[in-house]
Every structure is written in structure tokens, then in C-alpha cells.
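Note sheet for the following structure.
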Amino acid sequence: MSKSIAIMWFRQDLRLSDNPALLAASKHENILPIYILDDENAGEMKMGAASRFWLHHSLNSLKSSLPELCVYQGDAIEIIDSLSKRYTIEAIYWNRCYEPWRISRDKIIKEKMHKQDIHVESFNASLLWEPWTIFKEDKTPYKVFTPFYRKGCLKSTPPRQVLPQPSSLNGVIDNQALTIDMLNLLPENRWDIELAKHWEIGEKGAQVALARFIDNGLSNYKKGRNFPAKKHTSHLSVHIHFGEISVHQIWDQIQSLPSDDNTDHFCSELGWREFSYSLLYQQPELPTKNLQTKFDNFPWQNNPMLLDAWRKGKTGFPIVDAGMRQLWQTGYVHNRLRMVVGSFLVKNLLIDWRYGERWFWDCLVDADHANNSASWQWVAGCGADAAPYFRIFNPITQGEKFDPDGSFTKKYIPELAHLPVKYLFSPWMAPSEVLAEANVTLGVNYPHPIVDLKASRETALAAFSDLGKKEI
DNA sequence: TGAAATGTTGGGGCG
DNA sequence: ACGCCCCAACATTTC
């Protein structure tokens, strides 16, 4: 007789606290905690390189806090099937994920297990409000953020209570499981070593990040969040994405503080995440298809040279390059700069937002399908409740406004470190003696601007305006 | 969660 | 003293 077990299937919930599926599994005598790297079902949506690096460390962190963690690689449907043949399974527990490919895969597994009379139970661990519960009065989903959040979420049933960590867990080892190292999640040329220095990965790191944010960042969040050189953003996105901390835990702690503009604003940012998930749930093709179909006719240029310069942070526009180099060096970009570099790619370079989405997907440690695709559609102007297409960021003005002393830009572009702030965001305007004094030679140690700001802006606006005419 | 173009106002220099 | 012009500074409109 094979051993009788309950399976706790970890996915995007790599934590012990406030983990509903784990708590349910902990009532069983013998638990097999598993993680499956399922690139097969993910297909094009499989995790990018930066995410894999994070996953590697997060799994190790999780494993060290559990009696055991068994990892597998491949089609989750087959792997769970095979487990069901080798063990007597009392139950399978997991927390819900919302990517379309996972929803359809999980549905198949659920049906298969039901046929074998195996109890399968899924829980909500990563959204404050389930996307199928928030609708307008006419029963259709919200398409505008503010009413979605204010009338939909805030007026709905409050988020569930935070759950305690299981008091005890009896882990079982499956000798056919792989080791975490065998998943090959780390890159061959070890850029991950430098990246790792910027982060504390795992459940403990997530709690530290939240505490640090509440102590230092939150008090001036609303204004401070716009300045990349300041430390007023939470840096929680990646921990939330991997479920090292739950939004319920965050919401709960912030709501327990005296309410003000800063706490409200931060909570509304969590609301944007809910909104993105709602959009993805209602529109599974969000990552690839313009929500506003008139953008299907947009005359993208998709010039590979320009795309390459953007990726490498060599556009000749210092605030853009600083953002893109921050992405490459740390796996993260400050929110203000995500908007700046996004606007620049789509509107000044006329490159399809999907190229930006793919690059971010590969480079961001917090790459998240719902957030990434909803945000790129927002920047491009083709999404729901999107920034209007004519809102084109001026990288000079944005630099001057949001990095006024130039410290952020100079950190990531050391070759401009000696340039006076007056010319830092537009080095091509600097008199030649100023450039010489600062040891800057355009075209040699820092690029000439790859486009003309004014002309490219006008081209983009004209292309967009044509779109409107075709529609009619 | 823009920016540029255009419009308006009011203080000060100047004939 | 007065009108005229210039032009910041701010407001509104347009893309």
C-alpha cells in the first residue's frame, strides 16, 4: 500500500505565513510540499531570466523553512498524475493563480483528480478581491481604474483576515523529486551574482522590506514616490509577485496605521494591481492584443537599431539610459522611470509596446503578466483607462523635475558624472568647453541622441491622429 | 501618472 | 502722468 499523503502545491505563494492552502494541508498527517517548474504549459509566457534567478533563491529560502520541499520540472498535469499513481493522495491544496495558461491547466488537473475521487481545494492567497466579484451595476467589468477601486473594491466585502503560520508540518520526501539546482534557474554567465547584492530574497526579506517601507518610505510616499533617487517606494512588487508576502498582510498592516494621503495612495497602488488582474481575467489576451483595437493599425517602425540602443541604455537621453541601466543592473526600475522609458520606446522610437513588454519580462525580477502587460498598454495608450496617446513624456523635463540634483542619473551613467546638472539631461546642448571640462565626448564615451525629440514627437502625434481618421 | 502652443494679466521700463 | 510695449508668470487649450 502506497503512503497516504496530502499535497501542498506551492506556486506564486512562497511563504509560510498567511498561506491558506498550506494551513489547510497542515491538518493532514503527512504532507508532500511540492513546486513544479512548468515551462511546458507556460509556453511563450514562461518565466524570464531575472525571474528565474529570483525563483532559485526564493525556493531555497522556502525549502530551508520547511521540513521538505520537493521540486519537479515539466508538465504539471503529468507530474501530478504520476504522483497520484505513486501515492495515496488524501487531498491536493493550492492557492489560485490568474494567468490564463495556469487557469486552464489547473482546471484540467482539478477535473482529473476529481475523477480519481481526490479532494482538490484551491484558495485565494494573492488578490484582495477576486476578479469575478468586482462588477459594475450593469454586471459588466469596470474599464476605468478609479470607479473600479472606489466603487468596486472599497465598497465590496473587505479583504479576508490574515492567517497564522501552521503550528507544525510533517513533511514527506519523494525520492523521485529533483534538487533546486537541477532546475538550472541561474544563468550561465553569472550576472546573477551582482544582481543578488541588491536584494534580500525570501519570506523574511519580504517582511524586512515592508517594515523598512513603513518606517522610512511611507511618511512621504505620495510625493516622494516620484523621485528615483529617494527611497519612498516600497520595493515590494517582486516579493508580492512570488508570494513571499501576501497583499493581505500588507493591506492589513497599512490599514492599521492612521489613514492619510500617503497610506491612501499606497493602498490605491495595490488597487492598480487588482485592476491589472481584473483586466487580465476579463481579457486573457491582454499580454499580446491591443485593448483598443484601433491601435492594430498603428504604423510601428520597430527599428532594430533603436530597440537595441534602448535595451542597452545607449539612447543618448540620460534619464532614459539611467532607467534602462538600472533595469539591467538590478532587475528593477523605479516606477517613474518605467513610465519615462516606456513612453520613449513607444512614442519617440515608434516601437511596438510588445517589444518593451518582452524585454521587461526577461529583465525584471518582478515581471508579472497582469501588471506588465496592463502597464505597457497603459503607457502605449492602447489599454483600458490608459494614458492618452498624446501624453508624451519629455525626457529632458522629466529628468529635471524628478532627478533635480542628477544624483540618480549620475549613479547609473558615471561617464556624465562631471557634467553640470544644467546640461545633464541634454548633453548635446552643452557648449563644447563644458563637455570638455566634464570629460564627455559625444559619440565616444556617451552617445549622441538617437532621435530628434521634437521631430519624433510630432511624427508620433501625426501617426496617432491618422489612426483616429481611419477609425471613422 | 504631460508637454507645447496659445491666451491673459499685470508690473515696469520708456518715450 | 500716460500710453505703449515687453515679457514674465500664470491659465487655458490642444495635441
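A, B, ... follow the sequence lines: proteins, then strands. Residue 1 opens every chain.
- Within the 4.0 angstrom heavy-atom criterion, no nucleotide atom of any strand lies near A/Lys347.
- Residue A/Lys401 places at least one side-chain N or O closer than 4.0 Å to OP1 or OP2 of B/dA3.
- Both the sub-6.0 Å distance and the 45° axial angle are not jointly satisfied by A/Arg325 relative to the ring of A/Tyr412.
- Look at A/Asn226 and you won't find any side-chain N or O under 4.0 angstrom from OP1 or OP2 of B/dT1.
- Distance CD (A/Glu458) to P (B/dA4): 10 Å, rounded to an integer number of Å.
- Residue A/Arg457 has no polar side-chain atom (N or O) positioned under 4.0 Å from OP1 or OP2 of B/dA5.
- Phosphate proximity of B/dT1 to A/Gln398: absent, as no side-chain N or O sits under 4.0 Å from OP1 or OP2.
- Protein atom CZ of A/Arg336 is 6 Å distant from nucleotide atom C1' of B/dT1, rounded to whole Å.
- Using modelled atom types and a 3.5 Å distance limit, the side chains of A/Gln326 and A/His334 yield no donor-acceptor pair.
- Figure legend: cation-pi geometry between A/Arg11 and A/Trp9, with NZ or CZ positioned under 6.0 Å from the six-membered ring centre and within 45° of its axis.
- Look at CG on A/Leu337: it is 13 Å from C1' on B/dT1, rounded to the nearest Å.
- Among the nucleotides B/dG2, B/dA3, C/dC15, the one closest to any side-chain atom of A/Asn394 is B/dA3.
- Shown here for A/Ile396 and A/Asn394, the closest heavy-atom pair between the two residues is N-OD1, 2.8 Å.
- Taking atom CD on A/Glu400 and atom P on B/dG2, their separation rounds to 16 Å, with Å as the unit.
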